[in-house]
Amino acid sequence: MKKIISKIISLSLAAAMLLTMSGCGTTNEAGDIADGTNSVSNENEQSDISNGQDSTSDDQNEASGEKIVNIGVTDSLGGINPLTIDQTWINKYAVGLEFLPLVDLDSELNFRGMLADTVSTTDFTNFIVHIDENATWSDGTPVTAEDVEFTFLRLASPVIANPTLMLYAFEGVGDDGFVEEGTESVEGVTVLDEKTVRFTTKYPMALSTFENTYAFYIHTLPKHILEQYTDEELSTLDWFNHPDVVSGPYTVTDYDVDHYISYTANENYWKGAPKIGKLNFKILDSSQIYAGLQSGEIDVTHHTMTAIPQEDYENIEALENIDVVYGSPVTNQSVFIQTANLPDKRVRQALLYAIDRNQILEQLMKGHGEVVDGFLSSAGPFYDETITPTPYDPEKAKALLEEAGWDSSRTLRFYVNSGDGTFVNAAQVIVAQWANVGVKAEIQTVDLASLMEIAGSTDYDLFAVQYTYAPIDPYPDIVWLLGGEGSWTGYGDEEINEALEAVQTAGSIEKMKDYYSVVDKKVQEDVPMFSAYVISAQGAVNKRLTGVNANVYGFFSHIEEWDIVE
């Protein structure tokens, strides 16, 4: 199972990187905190949609009775070809509105069928996916198991070379995540009947891991439309820019990767025609979000795609036309310790005792989040409320350092993402609190790409980054991060390894929670990493909208039910 981790981890990191600014003070390229007072003056810089295929303005369309919703996002679109995109949130949602995933997470963190109606396993290596009997393409053709198989083989094609959804956990797929060029079938995906497909893995895998890592991200494509093209042609096929056959509620009509995506409703959507006729993603600078919400130019922001500056939170809360929803705490501001450089756990414990994390949360995050010690937040089903976070106790920290014989002349290298203005400020508080107990540390701010290179090199004492551990399936991330020599922490423990192995065949949430509790208790004891805080990001919905389930997960699952009430 560990063979698949190095690529699975990239999906979690992709999600984490999108949330790197969520709920935080935004920064300019040099990493300085942006002045919230500039938000109105920039409101027209990128906000107007320039639709090359339809020059009719939103105002004119709404005047004619067509319902239009604008979603403000602050991330650039990578593309809309489901075969070649990485799995960042904006790409996933942009594609998922046209081509449904097999499953989605709802606001309660339960997997719900989107294209599939059931996903099951009895042996943790064979996963049976049944496609909803009612699922049809917009041209009336049924969605079938062969469509799923066709899509899987294209995603595993070495010609297409999908950058993130590596499939080498499955039988018949190479260790590089690809099949041989021209492969027409593999043991890892088998059509059982028109609506049923079986996935077979090389290693035991929990149902939640299969759903969260694969069924959540595979966007099934219409074989009867695309089988005429070679894999090379599919990589750049213009059809994806304006598809005429989709399974989802909307179809792309036009887009600009840096400015907008425009959709029109699929009137033949098998779950019911959307009430909103046109949908736009408006890609803006974070300083423009408040003004857009205030003017009504933006109707919706989303926790994972819209980085709202911390200094604008209260202003947005005060808007009479907006309902504010703080999302579940799912993104950890994680601090990783290279244990090879700090091998004495008493020193690592002292570093944690020395920090007043509740003060940081209240002062910098305005209380929008929580404090935990390990990987798991209260948002997920595996959170153990009996694990009390390590308290702020500077005297305990001093005693531990003295006991460990700490060299007070040593200076620790603490790397921080320059693009996360809020945590740059938090890091300064942390370093000051470490100094109070006799630990010197020097903050080194670098851009995110450089930070990831440093993390991979293990040439650091500590580094911090925002990281989203999938609440329903933290397994791949934990296996990697506590993977011993070469991992970000350099830490490994046999008790943790046994617990993580047991997770994959536990079979129930209750048993899995017990095993994850073993992990978090051991992490609290040995401190190879800790969470400075967990973020609850702000989202916003215009009060004229109804039917919007405004949470981190499940936001777009029933977008066909969204409506406008004037």
Regarding Asp384 and Lys513, does a basic nitrogen lie under 4.0 Å from an acidic carboxylate oxygen? no
Minimum-distance pair of heavy atoms, taken over all atoms of Val330 and Val534: N-CG1, 4.0 Å
Whether the Asn358 and Tyr392 side chains hold a donor-acceptor pair (N or O, under 3.5 Å, no angle test) is what I'd like checked. no
Sub-3.5 Å donor-acceptor pair from the side chain of Arg348 to the main-chain atoms of Val527, do we have one? yes
Separation of Asp344 CG from Gln349 CD (nearest 0.5 Å): 8.5 Å
Under 6.0 Å between ring centres: does that hold for Tyr415 and Tyr460? no
Quick check: His303 with Tyr326 (ring centres under 6.0 Å apart)? no
If every non-hydrogen atom of Leu482 is compared with every non-hydrogen atom of Ile496, which pair is closest and at what distance? CD1-CD1, 3.8 Å
Among Trp89, Tyr263, Tyr93, find the residue that satisfies the ring-ring contact (aromatic ring centres under 6.0 Å, His included) test when tested with Phe556. Tyr93
Can Thr209 and Asp473 be counted as having a side-chain donor-acceptor contact under 3.5 angstrom? yes
side-chain hydrogen bond (donor to acceptor under 3.5 Å, both in side chains) between Asp356 and Gln433: does it pass, once the steps are laid out? CA-CA 8 Å; Asp356 190 344; Gln433 292 179 340; 5.0 Å; no
Ring center gap for Phe555 and Tyr553 short of 6.0 angstrom: no
All ring pair (Phe, Tyr, Trp, His ring centres under 6.0 Å) counterparts of Trp434, not counting sequence neighbours: Phe414
Are any of the side-chain heavy atoms of Val300 and Asn542 separated by less than 4.5 Å? no
Walk me through whether Lys398 and Asp393 qualify under salt bridge (charged side-chain N to carboxylate O under 4.0 Å, His left out). CA-CA 9 Å; Lys398 292 176 183 177; Asp393 190 341; over 6 Å; no
With Glu317 via salt bridge (charged side-chain N to carboxylate O under 4.0 Å, His left out) - residues at least two apart: none
With a 4.5 Å limit on heavy-atom distance, are the side chains of Asn332 and Val372 in contact? yes
For Glu402, look at atom CD and say whether over 12 heavy atoms of other residues, nucleotides or ligands are found less than 6.0 Å away. no
Can Ser262 and Asn280 be counted as having a side-chain donor-acceptor contact under 3.5 angstrom? yes
Residues forming a ring pair (Phe, Tyr, Trp, His ring centres under 6.0 Å) with Phe382, sequence neighbours excluded: Tyr516
Residue pair Asn212 / Tyr217, side-chain donor-acceptor N/O under 3.5 Å: no
Once ring pair (Phe, Tyr, Trp, His ring centres under 6.0 Å) is applied, do any residues pair with Tyr383, and if so which ones, sequence neighbours excluded? none
Mind checking salt bridge (charged side-chain N to carboxylate O under 4.0 Å, His left out) for Asp520 and listing every partner two or more places apart, or none if nothing turns up? none
Which heavy atom of Pro101 sits nearest to which heavy atom of Phe216, and what is that distance? CB-O, 3.5 Å
For Asn162 and Leu83, the nearest pair of non-hydrogen atoms, with its separation, is ND2-O, 2.9 Å
Evaluate the side-chain hydrogen bond (donor to acceptor under 3.5 Å, both in side chains) criterion for residues Glu320 and Gln294: first the C-alpha distance (whole Å), next the side-chain angles of each, then the deciding distance (0.1 Å), finally the verdict. CA-CA 9 Å; Glu320 294 183 357; Gln294 183 182 43; over 6 Å; no
Closer than 4.0 angstrom, basic N to acidic O: yes or no for Lys282 and Glu297? yes
Between Leu293 and Ile316, is there a side-chain heavy-atom distance shorter than 4.5 Å? yes
Identify the two heavy atoms, one from Leu77 and one from Ala94, that lie closest to each other, and give their separation to 0.1 Å. CD1-CB, 3.8 Å
Answer yes when Asp526 and Arg346 have at least one side-chain N-carboxylate O distance shorter than 4.0 Å, and no when they do not. no
Within 45° of the ring axis of Tyr313 and under 6.0 Å from its six-membered ring centre, is that where the NZ or CZ of Lys366 lies? no
By ring pair (Phe, Tyr, Trp, His ring centres under 6.0 Å), which residues pair with Phe530, not counting sequence neighbours? none
Checking Ser378 against Glu370: is there a side-chain donor and acceptor pair closer than 3.5 Å? yes
Using distance alone, with no hydrogens and no angle criterion, decide if Asp447 and Asn417 have a side-chain donor and acceptor under 3.5 Å apart. no
Could Lys396 and Glu403 be called an ion pair, given the rule that one side-chain N must be under 4.0 Å from one carboxylate O? no
Taking atom types as modelled, find out whether Thr74 and Ser286 have a side-chain donor-acceptor pair closer than 3.5 angstrom. no
Give the minimum heavy-atom separation between Val446 and Ile454, together with the two atoms involved. CG2-CD1, 4.1 Å
Does a side-chain N-to-carboxylate-O contact under 4.0 Å join Arg413 and Glu442? no
Under 3.5 Å, is there a donor-acceptor pair between the Ser334 and Tyr469 side chains? yes
